[in-house]
2 protein chains.
Amino acid sequence: MELLQILECSPPLAREPLDAEQAAGVARVFKALGDPVRLRILSIVASREGGEVCVCDITGAFELSQPTISHHLKVLKDVGLITSERRASWVYYRLVPETLGELSALLTAPATV
Amino acid sequence: MELLQILECSPPLAREPLDAEQAAGVARVFKALGDPVRLRILSIVASREGGEVCVCDITGAFELSQPTISHHLKVLKDVGLITSERRASWVYYRLVPETLGELSALLTAPATV
DNA sequence: TGTCTATATTGACATACATCTATTCCGGCT
DNA sequence: AGCCGGAATAGATGTATGTCAATATAGACA
């Protein structure tokens with residue numbers, strides 16, 4: 001089952017308990033967000049005017065090796081938070097806003113009455 | 001610095017890149033959410049009428065040892081997602097909706113124009 | 001005081017993960 | 001074809017993490 005589909009059919013945490021399968025799917029995405037480097041990469045991609053970021057731009061923002069950045073990009077891509085497209089020698093990444101939106105909805109807190 | 005404060009002053013991912021300190025703080029919370037058992041525990045606590053869950057209720061919902069559940073509760077508590085209160089022999093956990101709300105806001109996707 | 005129940009802590013262990021170096025893959029260029 | 005630069009993959013390594021059994025702690029009650 002696709003991860004985005006799991007997110008779509010998972011109720012907000014505050015509405016009813018997740019079943020084991022939903023929890024496993026959702027946890028994969030949160031785990032991807034549970035690393036400071038990946039969070040910064042995602043925020044760079046998500047906040048970019050035009051929506052596209054070249055890998056070289058990301059690599060330049062960190063004091064980490066190129067393979068490490070590549071690894072983190074793969075993790076984010078595998079859970080459906082970003083997509084990639086190769087053009088000539090460069091690979092461009094962009095956000096998948098639907099995934100982020102589903103996550104946000106999942107975390108919507110109950111009305112503080 | 002308190003984790004909730006870091007969440008409060010961190011811009012939505014899609015607005016501007018997180019700095020290293022913000023990312024480290026936010027990542028701690030997402031890492032706590034990055035485990036299926038903890039997600040299910042949190043959803044049990046968050047969706048409970050009355051807001052309180054006894055540890056024994058949680059333990060009964062999993063085929064895991066009591067120390068393991070206790071460990072996961074501590075992780076969720078350490079990042080400010082839940083709080084605990086002891087009354088007589090029992091310990092009750094409840095959601096901290098502010099933390100969940102801050103996280104949700106952080107993930108708010110950019111307007112899909 | 002002693003015992004019983006509920007929860008937390010400790011210590012051990014196997015697995016997962018972040019990072020690096022070395023290498024490979026892919027396009028463009030000469 | 002051969003080379004070069006950008007990016008991905010493979011393999012290695014130290015550290016973090018999820019789990020358990022054993023033990024400790026806290027409170028109720030006899």
Side-chain angles (χ1 to χ4, degrees), chain A residues 3 18 20-21 23-45 48 52-94, chain B residues 3 18 20 23-45 48 52-79 81-94:
Chain A
L3 262 188
L18 297 176
E21 187 189 359
V26 177
R28 281 189 56 205
V29 186
F30 281 129
K31 185 178 285 188
L33 293 177
D35 179 274
V37 174
R38 283 198 291 270
L39 267 183
R40 291 178 66 192
I41 292 177
L42 189 67
S43 70
I44 289 172
V45 174
R48 181 58 143 255
E52 279 189 344
V53 186
C54 174
V55 174
C56 53
D57 292 331
I58 301 173
T59 307
F62 297 88
E63 309 232 329
L64 291 168
S65 69
Q66 174 267 318
T68 296
I69 298 296
S70 192
H71 161 71
H72 286 307
L73 286 168
K74 180 171 164 46
V75 173
L76 290 171
K77 185 179 173 182
D78 283 346
V79 300
L81 281 166
I82 57 178
T83 55
S84 70
E85 182 191 355
R86 172 158 222 139
R87 288 206 303 276
S89 290
W90 297 272
V91 176
Y92 297 88
Y93 283 84
R94 40 170 78 238
Chain B
L3 263 188
L18 298 175
V26 177
R28 279 189 57 203
V29 186
F30 280 128
K31 184 179 284 187
L33 293 176
D35 178 274
V37 173
R38 284 197 290 270
L39 267 184
R40 292 178 65 193
I41 292 177
L42 189 68
S43 68
I44 288 173
V45 174
R48 181 60 142 257
E52 280 189 343
V53 186
C54 174
V55 174
C56 54
D57 292 331
I58 301 172
T59 307
F62 297 89
E63 308 232 330
L64 291 169
S65 70
Q66 174 267 318
T68 296
I69 299 296
S70 190
H71 162 70
H72 286 305
L73 285 168
K74 180 171 165 48
V75 172
L76 290 171
K77 185 179 172 181
D78 283 347
V79 299
L81 281 165
I82 57 179
T83 57
S84 69
E85 182 192 354
R86 172 159 223 140
R87 289 206 303 276
S89 291
W90 296 274
V91 177
Y92 297 89
Y93 283 85
R94 41 170 79 237

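Atom set for the values below is all heavy atoms of this structure, side chains included, hydrogens, waters and symmetry mates excluded. In what follows, chains carry the letters A, B, and so on, assigned in the order in which the sequence lines appear, proteins first and then strands, with residues in each chain numbered from 1. No experiment lies behind these values; they were computed from the predicted model shown.
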Are OP1 or OP2 of [N] and a side-chain N or O of [X] less than 4.0 angstrom apart?
X: Lys31(B); N: dC17(C); value: no
X: His72(A); N: dT19(C); value: yes
X: Thr68(A); N: dC20(C); value: yes

Within this structure, what is the [atom1]-to-[atom2] distance between [X] and [N], rounded to whole angstrom?
X: Glu85(A); N: dC26(C); atom1: CD; atom2: C1'; result: 15 Å
X: Ile69(B); N: dA6(C); atom1: CD1; atom2: P; result: 16 Å
X: Leu76(A); N: dA18(C); atom1: CG; atom2: C1'; result: 14 Å
X: Tyr92(B); N: dA6(C); atom1: OH; atom2: C1'; result: 11 Å
X: Ile41(A); N: dT19(C); atom1: CD1; atom2: P; result: 9 Å

Discussion item. Using a 3.5 Å distance criterion without hydrogens, assess whether the side chain of Ser43(A) forms a donor-acceptor pair with backbone atoms of Arg40(A).
Written reply: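 Checking the backbone N and O of Arg40(A) against the side chain of Ser43(A), a donor-acceptor pair under 3.5 Å is found.
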Item to complete: Using modelled atom types only, decide if a donor and an acceptor are shared between the side chain of Thr59(A) and the backbone of Val55(A) within a distance under 3.5 Å.
Response: yes
Worksheet entry | DNA chain C: 5'-proximal contact among Thr59(B) and Gly34(A) (nearest heavy atom) | Thr59(B)
Discussion item. Closest-nucleotide mapping onto DNA chain C: is Ser70(B) or Val37(A) further toward the 5' terminus? I mean the 5' end.
Written reply: Ser70(B)
Worksheet item: If you look at every strand shown and take non-hydrogen atoms under 4.0 Å, does Arg38(B) touch a base, only sugar-phosphate, or nothing?
Response: sugar-phosphate
Please round to the nearest 0.5 Å and tell me the distance separating atom [atom1] of [X] and atom [atom2] of [Y].
X: Ile69(B); Y: Leu64(B); atom1: CD1; atom2: CG; result: 5.0 Å
X: Tyr92(B); Y: Arg86(B); atom1: OH; atom2: CZ; result: 11.0 Å
X: Leu33(A); Y: Leu81(A); atom1: CG; atom2: CG; result: 5.5 Å
X: Ile41(A); Y: Leu73(A); atom1: CD1; atom2: CG; result: 5.0 Å

Worksheet item: So, does the side chain of Gln66(B) form a donor-acceptor pair with the base of dA6(C) at under 3.5 Å?
Response: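 Under the 3.5 Å cut-off, the side chain and the base do not form any donor-acceptor pair.
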Response to the item:
In the 5' to 3' direction, the nucleotides of DNA chain D bounding the stretch that comes under 4.0 Å of a heavy atom in chain A are dG6(D) to dT9(D)
